[in-house]
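Following: one structure in structure tokens, then a few remarks.
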Amino acid sequence: MASSVEHQTGGHGHHAGMWVFPRKENIAPDVAGKTFSMPSGYKLALGIAFILAVLGVVGFFIRATSDGFGSPGPWGYYAGIFSFVFMVTGAAPLVACAFRFTKSHWRRPLSRVSELFAIMGVVNIFLFIPLLLAMPSIKNPEVQGTDLEVRRTLWFEVPIGAPYTWDILCFVGLALCSMAILWLSAVPDMAQARATATGFRRSLYNGLSGWWYGTKRQWNHQKAGLALLGAFYFMLLIFVQFIFITEFAMSMVPFWKDSVLPPMYTVMSFQSALSMILIVMFIMRRWGGYEGYIGKAPFWSASKILLGLTLLWTYHLFAFFVTYWYGRLEVEQNILKYVFVQPYLIVFLANMLFSFLVPFALLIWNPLRRSAWGPPLAGLAALVGAFLFNMRTFAAAFNTGNHYEFSLSHVPAAVWPDIWDIFIILGGLGIAALVYLLSAKLLPLISIWEVKEGTLYQKMGTLMKGEYLVLAKPE
Amino acid sequence: MARRPILGLFDDANAAADAGDGLRRAGIPETDVDFLTDTPYPEGAFGEREEPHRLYIFPFIGALLGLTSGILLTSMTQVAYPIVTGGKPILSIPPMAVVCYEGTMLGAILFTVLGIIFESRLPKLKAGLYDTRITEGYVGVLVNTEEAQHNTVEGVFGQTGAVDVKRE
């Protein structure tokens, strides 16, 4: 679909098409038109996502009825796909917050793309509940031999409500914060669209933004609110990720004690969330008619951050690996063999390939970084890597056998997914895609007020014989 | 006499800024004038008054309440069920930290949302004076003043190039 909005492009030579300058007065009606329309390709994507989601529901019910929630083993792949979806969709809203903090102009077209993942945060709460049911109780119901009476857990001394209430509150808090960010950011756009929207959208926009007139006071509070909530979201996200990976991976493997895994999980979530956002933006630009809003600059700028995150992930992986490699205890050797080099070796190698080698090999090349397709391609590889990481980690953690054992005395065999696991995995991906596609028809994929604001501060100017981007920094 | 709003609509932001200057010269207090825009303009672009905010107070109070709840909950649990773990004191900070941090964050987030709602004077049930052309890039200059001054305000709007003037 071609863009119907008039716009200019800026940049020459290898910077051609790097920047785009949409006409301010056309942005709101054009983006509203794209949001309210339903092209056939979009319907097809919705249909596929719906079918996958249905497969997931079928797989879930069969798994629940055949295996129940008495033992965590059968839920390893459910935990893996939940973790992958949470890893990507949980960190995605942070991308908008982070680049707003740094006042980067190139972030403007990606703000809403990233914030819309907040809606998936609400769905994540419900997807998380079965994991709580499948988690072994902290107190050992049947102490035998050298087994521990109380399972190793993050909830030392087990405060009231631990682990269920506090675990669920983590996800509720995260969803509340990300939804508040999305609401606050989308209020001006909903207010602009309330006059042209019809039906359900009109009621929704009026209900959520009826008070917005765009006064100075309102803009100031919106700006301050977004900054505060963005900071809190960052502080809460890394905490929830720490709780999740510690409780649902490390605590499940007897004697697995590692301070590198939580930060590695967080770095991977940043890498995969940025990757997903780049892929969505590439699709919007290539097939969605948004080329008038998304130049190559966001891909170019984000690619450097993606390269940095890729290297950072590898550093963490090496730190993790080498600590256990030189560990002299039998349990340390067993954990290394279990999670890395024996039953899941092939998955680990594929994880390395897609999380590090492929993105690194692509992103070191300047021409690829400056293209609109290079960074999303590297991002796609990083997403595959993140998917494999989660499958390997959680399938292994949930299938260690005796979770109350003093230490891992043997290397358990790999547990590969059965047909219902595959259904559940496809369903997890389908639900996430379905929720996002529906969200993008509810709220515009472009943050209209931010792109309009950008037109005040950016233009092409000449210096001697060259044409260059001129940026204003009002703060 | 009753105070009522009057809205001048400008298709050029510079003209709206001139109207702000004109209103000041005509003796309209700055606190009675608001600029309605479809996008945030930089501070002082219309020569308007500074709008300080107190939003940061809300998360601060929320965080304090959340932290206090977390400390009370964990310490009361540990006192009620005194289990010595790893030879550490019954009341030790590391096991309390997780719950305290979560309580602090939840309190801060909740109170920030409440703060935004309160400071933005929500919910506002009665629609104010507005024109949908503001969403297309026009700038609205909203003056909330006594009716006797409306002719003066309209005169300023006319001199500075308002494309439309609306009254309630």
Side-chain angles (χ1 to χ4, degrees), chain A residues 24-25 27-29 150 154-162 166 169-170 172-173 176-177 180 183-184 188 191-196 210-225 228-229 232-233 235-236 239-240 243 448-457 472 474-475, chain B residues 13 34-43 45-46 48-49 51-53 55-56 58-59 73-74 76-78 80-81 83 85-86 88 90 92 94-96 98-99 101-103 105-106 108-110 112-113 115-116 119-125 127-130 132 134-137 140 142:
Chain A
K24 190 169 177 266
E25 60 274 22
I27 298 171
V150 175
L154 187 66
W155 305 104
F156 312 97
E157 300 177 20
V158 199
I160 295 168
W166 292 104
L169 267 179
C170 281
V172 170
L176 175 73
C177 192
W183 167 67
L184 201 54
Q192 290 188 15
R194 67 193 162 196
T196 51
W211 52 281
W212 181 269
Y213 297 100
T215 64
K216 192 80 194 170
R217 181 188 177 87
Q218 288 178 330
W219 284 117
N220 281 355
H221 281 96
Q222 192 229 21
K223 195 173 164 186
L228 283 169
L229 289 170
F232 295 142
Y233 192 70
M235 292 165 76
L236 192 59
F239 172 76
V240 177
I243 298 264
I448 297 169
W449 67 269
E450 269 185 294
V451 173
K452 278 185 181 178
E453 188 189 26
T455 63
L456 299 175
Y457 300 138
E475 290 94 0
Chain B
D34 247 323
F35 292 88
L36 311 186
T37 57
D38 63 339
T39 189
Y41 278 74
E43 202 64 53
F46 295 105
E48 76 280 18
R49 68 186 187 279
E51 282 274 11
H53 71 83
L55 201 57
Y56 53 85
F58 289 86
L73 191 73
T74 46
M76 284 186 328
T77 311
Q78 287 168 24
Y81 304 99
I83 303 166
T85 309
K88 303 293 181 200
I90 293 292
S92 47
M96 296 164 79
V98 175
V99 172
Y101 185 84
E102 192 171 331
M105 293 312 303
L106 288 175
I109 290 165
L110 213 55
T112 305
V113 175
I116 291 164
E119 286 288 307
S120 303
R121 305 289 184 259
L122 292 176
K124 205 173 195 172
L125 299 174
L129 190 55
Y130 192 70
T132 53
I134 292 168
T135 68
E136 295 161 18
L142 183 67

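Just so it is clear: chains get the letters A, B, ... in the order the sequence lines come, proteins before strands, and each one is counted from 1. Since the structure is predicted, the reported quantities are computational estimates derived from the model, not experimental observations.
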Side chain, backbone, both or neither of B/T132 within contact of chain A (heavy atoms, under 4.5 Å): side chain
side-chain contact (heavy atoms from CB on, under 4.5 Å) partners of A/E25, counting only residues at least two apart: A/R23
Closest-packed option against chain A by number of heavy-atom pairs under 4.5 Å, given B/L110, B/T74, B/D34, B/V98: B/V98
Among B/A45, B/S92, B/P59, residue most engaged with chain A (heavy-atom pairs, under 4.5 Å): B/P59
Toward chain A, the part of B/F46 with a non-hydrogen atom under 4.5 Å: neither
Considering all heavy atoms, the nearest A/W219-B/T37 contact: NE1-OG1, 3.0 Å
Interchain contact, A/Y457 with chain B, by part (heavy-atom threshold 4.5 Å): side chain
Gap between atom CD1 of B/I116 and atom CG of A/L228 - 0.5 Å precision: 7.5 Å
A/K223: salt bridge (charged side-chain N to carboxylate O under 4.0 Å, His left out) partners, not counting sequence neighbours: A/E475
Which portion of B/L142 sits near chain A, non-hydrogen atoms under 4.5 angstrom: neither
Value rounded to 0.5 Å, distance of CH2 in A/W166 from CG in B/L73: 5.0 Å
Per-residue contacts, residues 449-456 of chain A versus chain B, heavy atoms under 4.5 Å: A/W449, A/K452, A/E453, A/L456
Region of B/L55 in contact with chain A, defined by heavy-atom distances below 4.5 Å: both
Best-contacting candidate, A/V150, A/L236, A/N220, against chain B by heavy atom pairs under 4.5 angstrom: A/N220
B/E136/A/K24 ion pair, N-O < 4.0 Å: no
Interface residue of largest heavy-atom contact number with chain A, from B/G103, B/A13, B/A108, B/P94, under 4.5 Å: B/A108
Inter-residue atom distance A/I27.CD1 - B/T135.OG1, 0.5 Å rounding: 12.0 Å
Part of A/A224 lying under 4.5 Å from any heavy atom of chain B: both
Side-chain heavy-atom pair B/H53, A/R217 within 4.5 angstrom cut-off: no
Ring-face cation contact, B/Y130 with A/R194, 6.0 Å cut, 45° max: yes
Close side-chain approach of B/F35 to A/T215, heavy-atom, < 4.5 Å: no
Best-contacting candidate, A/A191, A/C170, A/P29, A/A193, against chain B by heavy atom pairs under 4.5 angstrom: A/C170
side-chain contact (heavy atoms from CB on, under 4.5 Å) against B/Y101, all qualifying residues, sequence neighbours excluded: A/M235, A/F239, B/M105
Residues A/W155, B/V99; criterion side-chain contact (heavy atoms from CB on, under 4.5 Å); working and verdict: CA-CA 9 Å; A/W155 305 104; B/V99 172; 3.9 Å; yes
Which atoms of A/L184 approach chain B - backbone, side chain, both or neither, heavy atom under 4.5 Å: side chain
Choice from B/M96, B/K88, B/Q78, B/R49 maximising heavy atom contacts with chain A below 4.5 Å: B/Q78
